[in-house]
Protein chains: 2
Amino acid sequence: MSNADATVFIIDDDPAIRDSLALMIAQENISVMTFENAEAFLDACQPECLGCAIIDIRMPGMDGMQLQEELSKRNILLPIIFLTGHGDIPMSVRAIKAGAVDFLTKPVTREKLISAVRSAICESEKITTESIHHHDATSRLAALTDRERDVMMLAIQGYPNKEIARHLEISHRTVEIHKSKIMHKTGAINLLDLARLAHEGGLI
Amino acid sequence: MSNADATVFIIDDDPAIRDSLALMIAQENISVMTFENAEAFLDACQPECLGCAIIDIRMPGMDGMQLQEELSKRNILLPIIFLTGHGDIPMSVRAIKAGAVDFLTKPVTREKLISAVRSAICESEKITTESIHHHDATSRLAALTDRERDVMMLAIQGYPNKEIARHLEISHRTVEIHKSKIMHKTGAINLLDLARLAHEGGLI
DNA sequence: AAAGTAATCCGCGCGAACACGTATAGTGAG
DNA sequence: CTCACTATACGTGTTCGCGCGGATTACTTT
């Protein structure tokens, strides 16, 4: 199965809930880690981790929604499943609109939990793939000099070399040299590829 | 204001609710239309309309969620605000995940209603713009012959003309002629533009 | 401190390869 | 017959690899 290295992080202040959830998930052959509060989880988690977080809304200290916000701030793109005993509709709407994949109410059935976890892990795999692409693109683009970046930005907007040359007030041959170096440095095989790369790297 | 031609469609079986909502929205200088049930709204609405729909979940005949699904099937991309007196959390989660912009509970405050309507109309404007682009792209691409489409698909993946020629087992000059016709028919000014167009037209 | 050295960036010219518009024309399907 | 597809030929413009030079910065050597 593809979820071999995915981990479900359970953050809940109630030990009984933690154990119960952990058991249900472990029985599906998915690895689990439990945390007593948001702070402990924040200390432990990494931006690259694959899996999902099951977060209790109501906790002493930082609550679930604050944790969601903090994770987002720290660029930790872990899909979140909220779990609560005392939620209301506005809260659930806010959570889902803020990007949570699900909002479950206690007591949760095994079926709903596992279904939510599976789709969250699936989401996490997508995010991880995209993140790798993004990181790869960014690191390649980082090798470019400022001037090369100038040329690239115009090139991927479809300007021909002559136009770029006019725009930057340099010889058209120089533009081509820059472009050539850009291609080599980024490993792009053609302009379309470069445009895709720049797009993935967030430069558009 | 930019919402001059946006219309809020209210679908609710309770006349008192309809009138109350319509009044609040009309006071914001936004035009309103009311409908007693889902079927009447479906008969009246068009795919191109700008604005949003405020839909009661619980209605005789087709209910709010079914209406959402039906609108989606008919490709009517109107942002939806649900309104209900007897909703629960799973329902709200499902609705938001299915694309609704908000899920309000009766009785709704004027403030929340207007805020939801404004963001929904803003969303509608985005959708409309995208939809125009998509439609435009599709209609341009529709003029292409099958062979031209073959050539285009390879071209926008970055293959040089010679490769395309080898791949299709035709002369490289013929490929260039196809490409030229493609550019003329679609109005694209260069390859990147064509790729963007194909992307907008959903051909990738 | 001064001189040499390496690295980096920016620039130019030449020539080969490639792309593209125009013109001309043959073949097969509807 | 018309339209789509194919092909050929010529001319022009664009792209791109290669070699070379000037300017700046930083690091090492003397």
Side-chain angles (χ1 to χ4, degrees), chain A residues 135-204, chain B residues 135-204:
Chain A
H135 191 265
D136 180 54
T138 305
S139 62
R140 289 183 191 197
L141 295 172
L144 300 180
T145 66
D146 291 346
R147 198 57 163 171
E148 285 163 354
R149 218 181 308 277
D150 292 343
V151 172
M152 185 185 71
M153 291 310 288
L154 293 168
I156 62 181
Q157 281 165 47
Y159 290 103
N161 291 354
K162 278 198 171 181
E163 291 271 340
I164 298 173
R166 251 194 297 278
H167 200 280
L168 297 178
E169 294 180 321
I170 56 180
S171 146
H172 73 103
R173 275 308 286 114
T174 303
V175 172
E176 287 162 15
I177 300 277
H178 282 312
K179 224 161 148 181
S180 165
K181 294 191 98 176
I182 292 167
M183 294 310 210
H184 279 119
K185 283 186 181 179
T186 60
I189 49 178
N190 54 48
L191 243 191
L192 283 161
D193 204 32
L194 182 65
R196 199 161 38 230
L197 202 72
H199 205 266
E200 282 171 0
L203 280 180
I204 298 182
Chain B
H135 191 267
D136 180 53
T138 306
S139 63
R140 288 183 192 197
L141 295 172
L144 300 179
T145 66
D146 291 347
R147 199 57 164 174
E148 285 163 355
R149 218 181 308 277
D150 292 343
V151 172
M152 185 185 72
M153 290 310 290
L154 292 168
I156 61 180
Q157 281 165 47
Y159 290 102
N161 292 352
K162 279 198 170 182
E163 291 270 339
I164 298 173
R166 253 195 295 279
H167 200 280
L168 298 178
E169 294 180 319
I170 57 179
S171 143
H172 75 102
R173 281 304 288 115
T174 304
V175 171
E176 287 165 13
I177 292 185
H178 281 311
K179 224 162 150 183
S180 164
K181 294 189 97 174
I182 292 167
M183 293 310 213
H184 279 121
K185 283 185 181 178
T186 59
I189 50 178
N190 54 46
L191 245 190
L192 282 161
D193 203 32
L194 182 65
R196 201 161 36 231
L197 203 70
H199 205 267
E200 282 172 0
L203 279 180
I204 298 181

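These numbers were taken from a predicted model, which means no experiment stands behind them.
When distances are taken from the side chain of B/Pro160 to each of D/dC16, D/dC18, C/dA19, the shortest belongs to C/dA19. When the nucleotides C/dA19, C/dC9, C/dC10 are ranked by their closest atom to the side chain of B/Lys162, C/dA19 comes out on top. Checked against D/dC16, C/dC9, C/dG21, the side chain of A/Arg147 finds its nearest nucleotide in C/dC9.
As judged by a 4.0 angstrom heavy-atom cut-off over every strand, A/His178 is placed among residues touching the sugar-phosphate backbone only. In this structure, B/Thr174 reaches the bases: a heavy-atom distance under 4.0 Å links it to at least one base atom across the strands shown.
Regarding A/Arg166, its CZ atom lies at a distance of 13 Å from the C1' atom of D/dT14, rounded to whole Å. Look at NZ on B/Lys181: it is 9 Å from C1' on D/dC5, rounded to the nearest Å. Between the NE2 atom of B/His172 and the C1' atom of D/dT8 there is a distance of 10 Å, rounded to whole Å. The nearest whole Å value for the distance from the CG atom in B/Leu168 to the P atom in D/dA7 is 10 Å. With rounding to whole Å, B/Lys179 atom NZ is found 10 Å from C/dG21 atom P. The CD1 atom of A/Ile170 sits 14 Å away from the P atom of C/dC9 (whole-angstrom rounding). Rounded to a whole Å, the CG atom of A/Leu144 is 14 Å from the P atom of C/dT8. Counting to the nearest Å, the C1' atom of D/dG13 and the CD atom of A/Glu176 are 12 Å from each other.
Nucleotides of DNA chain D nearest to B/Ser171 and A/Met183 differ in position, and the one nearer the 5' end is that of B/Ser171. Of the residues near DNA chain D, B/Glu148 and B/Arg173, the one whose nearest nucleotide (by heavy atom distance) lies more toward the 5' end is B/Glu148.
Considering only side-chain N and O atoms, A/Ser180 lies nowhere under 4.0 angstrom from the phosphate OP1 or OP2 of D/dT15. Contact between the side-chain N/O atoms of B/Asn161 and the OP1/OP2 oxygens of C/dC20 is found at a separation under 4.0 Å. Under 4.0 angstrom from either OP1 or OP2 of D/dC5 there lies at least one side-chain N or O belonging to B/Thr145.
How far CE of A/Met183 is from CD of A/Glu148: 12.0 Å, rounded to the nearest 0.5 Å.
Using a cut-off of 4.0 Å between Lys/Arg side-chain N and Asp/Glu carboxylate O, B/Glu176 and B/Arg173 are scored as salt-bridged.
In A/Lys181, the NZ atom is not crowded: 12 or fewer heavy atoms of neighbouring residues, nucleotides or ligands sit closer than 6.0 Å.
Between the side chain of A/Arg149 and the main chain of A/Leu141, a donor-acceptor pair closer than 3.5 Å is present.
Considering only heavy atoms from C-beta on, A/His178 stays 4.5 Å or farther from A/Thr145 through its side chain.
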